[in-house]
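To start, the structure under review is shown below, and the notes come after it.
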Protein chains: 2
Amino acid sequence: MTTRPASGGGSRQRRVPEATVVRLPLYQRILSEMLHAGSTTVSSEDLAARAGVTAAKVRRDFSLFGSFGTRGTGYDTAFLAAQIDRALGADRDWPILIIGIGNLGRALANSDGFSSHGFRIAGLYDVDPAVVGARVAGVVVRQLDELVDGPRAAIGVITAPAAAAQAAADALVAAGAASILNFAPRVLSVPARVMVRYVDLSIELQVMSFFLARRDLDLPPLGVGLGVRPDARDGASPA
Amino acid sequence: MTTRPASGGGSRQRRVPEATVVRLPLYQRILSEMLHAGSTTVSSEDLAARAGVTAAKVRRDFSLFGSFGTRGTGYDTAFLAAQIDRALGADRDWPILIIGIGNLGRALANSDGFSSHGFRIAGLYDVDPAVVGARVAGVVVRQLDELVDGPRAAIGVITAPAAAAQAAADALVAAGAASILNFAPRVLSVPARVMVRYVDLSIELQVMSFFLARRDLDLPPLGVGLGVRPDARDGASPA
DNA sequence: TCGTGTGAACGATTTCACAGCC
DNA sequence: GGCTGTGAAATCGTTCACACGA
């Protein structure tokens, strides 16, 4: 839509590509840093350089949500940050349920990633009696069986071993979780209404070894630096 | 930068889209499991179902590497697995250098992701004297300063805090690392020859909260059918 | 003049659909 | 009959390039 109310009732209903959605948190983080540094306006080019993407991408991304910028000047840093926050739902409460409190589960529970943007650890679960009862990140670990009725719009995080991942997903679904972030190397089977995203260390490493192996093949013995994608951004890599 | 992606240099082999590359490790894992279960042949449809993708995608992906299948029958499970392994460089040795041995670094160092596909922990580094000297996953943690000349084709993994991530990247680049997997919430600046991939928990969560927040908006305000929209989204969303 | 917002071109990836082989 | 391999079409995402407003 070509609406352009600089404020107020923005045009909201438009399809936003996942590629754009993945960049929003990145922009948001950079804008937040810039705000702390005293920035009041920012151009698409400046933001693009900091985010490692192109300026056209930045402008296109924001244009999907309305016209936030001022021609000749750029974007108001604070206003832009607020708009992105709102789009990302950072002004709401997002309960997180973590299943599998091993090394990775503990690491994540204690990480900064949970301590902002509305995310809040609402429960930690494991099946191992040796772990149940422990206090991690200020929350007592409970037996997975006790996860029966979770909070609404909860996000489940699976850090259990691969063999236990599907059972963990089933428990989350039964408890009403709306989406699942799976760190276990397993494809999950869930109802269509539940969104699933995958984070897989092993896949990331193998993607790298693929390109490195191929680089050797492609490169004539004394190759000059060959370009691997200059535009590297992909944090989210599913599988 | 905003420059040309340099046509891959693909003289020897056909160009393989990154989207395909990310799926290869997934296929490989599934094939490996099927082999253990005694499977001898597999159809694109069967494999697709297990991987949560479409059969056409599977066939297209494999066709980029040659004609591995038999019409009317499918693919030879073992042969296909071997071909993928080779493409991924699983038959080589891939030294891994991990920088930042906190909770996450320890978790990853001990994870299964490193114990196969040719990956091998070649070094653990940290700047904290309290951590240096500890033995993690059978390897002694060393001071980051000591990382000066790394193994060739090494893959660096950054699990340091955001504030230390760029320094870690600089150290890896100076030591000759060929690629970097960055878990810190920071865009890294590296020479074009170094490939960087990002894994960011916070971004993954925010992507989810974006879609959950939007789902609420899309829903009719009150009442009519309290389920979620029949928004036919795959169970396993991202590729 | 500067930098946004966006049609239009381009490129990448997916899907269709079917010919060809077992 | 069943299933692969692949042109062609469709879809999705990025980049170009420039009109327009501040």
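First the proteins, then the strands, lettered A, B, ... as listed; each starts at 1. It should be emphasised that the depicted structure is a prediction, and the values quoted were computed from it without experimental measurement.
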Here's a test of your reading of the structure: between B:Thr70 and A:Asp61, which maps to the more 5' nucleotide of DNA chain D?
B:Thr70
How close or far is atom P of D:dT4 from atom OH of B:Tyr27, stated in whole angstroms?
12 Å
Measure the spacing between CD1 of A:Ile99 and CD1 of A:Ile180 and express it to the nearest 0.5 Å.
8.0 Å
With a 4.5 Å cut-off on side-chain heavy atoms, are B:Phe119 and B:Ile155 touching?
yes
Within this structure, what is the CZ-to-P distance between B:Phe62 and C:dT14, rounded to whole angstrom?
14 Å
Considering only residues two or more places apart or on different chains, which pairs with a residue in residues 33-44 of chain B satisfy salt bridge (charged side-chain N to carboxylate O under 4.0 Å, His left out)?
A:Arg186-B:Glu33
What is the distance from CG of A:Leu80 to C1' of C:dT4, rounded to the nearest Å?
12 Å
Rounded interatomic separation in angstrom, taking CG from B:Leu47 and C1' from D:dG2:
17 Å
What integer distance in Å separates B:Asp46:CG from D:dG2:P?
16 Å
Figure out the CG/C1' separation between A:Asp76 and C:dG3, and round it to whole Å.
15 Å
Over all strands shown, is B:Thr54 touching base, sugar-phosphate only, or nothing at heavy-atom distances under 4.0 angstrom?
sugar-phosphate
Do B:Thr73 and B:Thr41 have side-chain atoms, one donor and one acceptor, less than 3.5 Å apart?
no
Less than 4.0 angstrom between a side-chain N/O of B:Tyr75 and OP1 or OP2 of D:dG5, yes or no?
yes
Distance in Å, B:Ile158 CD1 paired with B:Asn182 CG, rounded so as to fall on 0.5 Å steps:
4.5 Å
Determine, for A:Lys57 against A:Asp61, whether the closest basic-nitrogen to carboxylate-oxygen distance falls under 4.0 angstrom.
no
Letter by letter from the 5' end, nucleotides 6-13 of chain D scores (B base, S sugar-phosphate only, - none; protein heavy atoms under 4.0 Å) BBB----S
Check whether any side-chain N or O of B:Thr73 sits under 4.0 Å from OP1 or OP2 of D:dC3, and answer yes or no.
no
Length of the line joining A:Gln83:CD and C:dG5:P, which is rounded to integer Å
12 Å
In this structure, CG of A:Leu24 is separated from CD of B:Gln206 (nearest 0.5 Å) by 9.0 Å
Phosphate OP1/OP2 of D:dT4: any B:Ser44 side-chain N/O under 4.0 Å:
yes
